[in-house]
Amino acid sequence: TEYDFNTKTLVNKFIGTIKKEGEDVSGGGLNILARQIANLKAFGKIKKIEGEFLRRGNSTGYYAYLRYGFIPDRVAQSTYSDLMDEYNSLYPNDSVKKIEDFLKSETGRNFWKDKGNDWDGHFDLSDNSYSMKILEDYVKNKIDKDLFNLTFK
């Protein structure tokens, strides 16, 4: 993790969990992110989180962090324009114009999960931002209710 106080940005180089034999670490990255957001909002000097979200081996960041409210940058959007065109030709009623639009339907989520790949993007820490709304909706039933209340209320 690196902080840039000039741009009010935190850059996560990597968020992940290491699984020991027999452990269930599902939701570990989300819990780490939620705690990080709570701390950053309390600190008040950082306005966004940037990161690179990968699809390598067991890494599912390319999918999970889109679901958590991270917004792909312009390069990612243009990189995946052919994939969006392919999806729109198969499912014209969904009208995917940005990578985030894959989240609008289960079909879109499954398509991105299957065909999506690495991308760079950011999370906007502003109250009522797209990022915060998506994360709040996602975590309501995914993480500890006390952590949810601490983080977002």
Side-chain angles (χ1 to χ4, degrees), residues 1-4 7-17 25-56 58-81 83-88 90-91 93-153:
T1 300
E2 296 175 356
Y3 297 92
D4 183 336
T7 62
K8 299 181 179 186
T9 302
L10 175 140
V11 179
N12 280 327
K13 297 293 184 180
F14 183 75
I15 291 181
T17 53
V25 295
S26 57
L30 177 59
N31 276 291
I32 291 167
L33 177 66
R35 290 175 193 279
Q36 185 178 58
I37 289 170
N39 290 329
L40 291 171
K41 288 185 79 59
F43 182 56
K45 297 191 186 298
I46 301 294
K47 301 298 180 198
K48 70 179 178 177
I49 302 170
E50 291 182 348
E52 178 182 15
F53 307 100
L54 305 176
R55 181 179 189 162
R56 300 223 170 60
N58 291 333
S59 179
T60 59
Y62 78 100
Y63 178 74
Y65 285 86
L66 188 64
R67 303 263 341 244
Y68 300 162
F70 278 79
I71 303 165
D73 65 18
R74 279 185 269 168
V75 172
Q77 298 290 0
S78 64
T79 299
Y80 293 108
S81 63
L83 191 62
M84 289 182 260
D85 290 345
E86 178 185 342
Y87 181 83
N88 287 327
L90 294 169
Y91 308 100
N93 292 334
D94 285 358
S95 186
V96 169
K97 294 181 176 130
K98 302 178 291 186
I99 294 170
E100 307 92 277
D101 293 342
F102 285 113
L103 297 179
K104 292 180 181 176
S105 70
E106 185 174 350
T107 303
R109 287 188 297 275
N110 289 334
F111 186 88
W112 178 256
K113 194 173 196 177
D114 182 47
K115 296 190 177 227
N117 216 324
D118 305 347
W119 55 277
D120 292 347
H122 73 278
F123 187 97
D124 180 351
L125 292 167
S126 305
D127 293 337
N128 299 314
S129 68
Y130 167 87
S131 297
M132 290 300 295
K133 288 177 186 174
I134 294 297
L135 185 62
E136 287 174 2
D137 287 345
Y138 186 79
V139 300
K140 282 181 183 173
N141 297 311
K142 298 286 183 184
I143 64 174
D144 181 280
K145 296 296 183 207
D146 292 333
L147 177 62
F148 175 79
N149 289 330
L150 168 74
T151 304
F152 302 110
K153 299 297 177 204

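Side chains included, hydrogens not; waters and symmetry mates left out as well; all remaining heavy atoms used. Since the model is a prediction, treat every value here as computed from it, not as a measurement.
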Counterpart residues, side-chain contact (heavy atoms from CB on, under 4.5 Å), relative to [X] (two or more places apart):
| X | value |
| --- | --- |
| Tyr91 | Tyr87, Asp94, Thr107 |
| Ser95 | Lys97 |
| Lys47 | Lys8 |
| Ile71 | Glu100, His122, Tyr130, Ser131 |

Any side-chain heavy atom of [X] sitting closer than 4.5 Å to one from [Y]?
| X | Y | value |
| --- | --- | --- |
| Leu135 | Phe123 | yes |
| Asn117 | Tyr62 | no |
| Leu83 | Val96 | no |
| Leu33 | Tyr68 | yes |
| Gln77 | Met84 | yes |

Who pairs with Asp120 by side chain to side chain donor-acceptor pair (under 3.5 Å), at least two apart in sequence or on another chain?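 By the side chain to side chain donor-acceptor pair (under 3.5 Å) rule, Asp120 matches no residue at all.
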Can you name the residues that form a side chain to side chain donor-acceptor pair (under 3.5 Å) with Glu86, not counting sequence neighbours?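 Per chain and number, Glu86 pairs via side chain to side chain donor-acceptor pair (under 3.5 Å) with Lys115.
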Taking atom [atom1] of [X] and atom [atom2] of [Y], what is their separation to the nearest 0.5 Å?
| X | Y | atom1 | atom2 | result |
| --- | --- | --- | --- | --- |
| Leu54 | Asp118 | CG | CG | 5.0 Å |
| Met132 | Asp127 | CE | CG | 7.0 Å |
| Arg67 | Asp137 | CZ | CG | 11.0 Å |
| Lys45 | Leu125 | NZ | CG | 14.5 Å |

Check: [X] side chain, [Y] main-chain N or O, donor-acceptor pair, under 3.5 Å:
| X | Y | value |
| --- | --- | --- |
| Glu50 | Thr9 | no |
| Ser126 | Ser129 | no |
| Asn110 | Glu106 | yes |
| Asp73 | Gly121 | no |
| Thr60 | Tyr63 | no |
| Ser81 | Thr79 | no |
| Asp101 | Lys98 | yes |

Tyr80 and ring-ring contact (aromatic ring centres under 6.0 Å, His included): which partner among Phe102, Trp119, Trp112? Trp112
Give the intermediate values and the outcome of side-chain contact (heavy atoms from CB on, under 4.5 Å) for residues Leu66 and Ile99. CA-CA 8 Å; Leu66 188 64; Ile99 294 170; 3.8 Å; yes
Side-chain donor-acceptor pair under 3.5 Å between Glu2 and Asn12, yes or no?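 Absent: no donor and acceptor within the cut-off.
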Of all the heavy-atom pairs spanning [X] and [Y], show the shortest one and how long it is.
| X | Y | result |
| --- | --- | --- |
| Leu10 | Ile46 | N-CG2, 3.7 Å |
| Lys113 | Arg55 | O-NH1, 3.3 Å |
| Lys133 | Asn128 | CE-O, 3.2 Å |

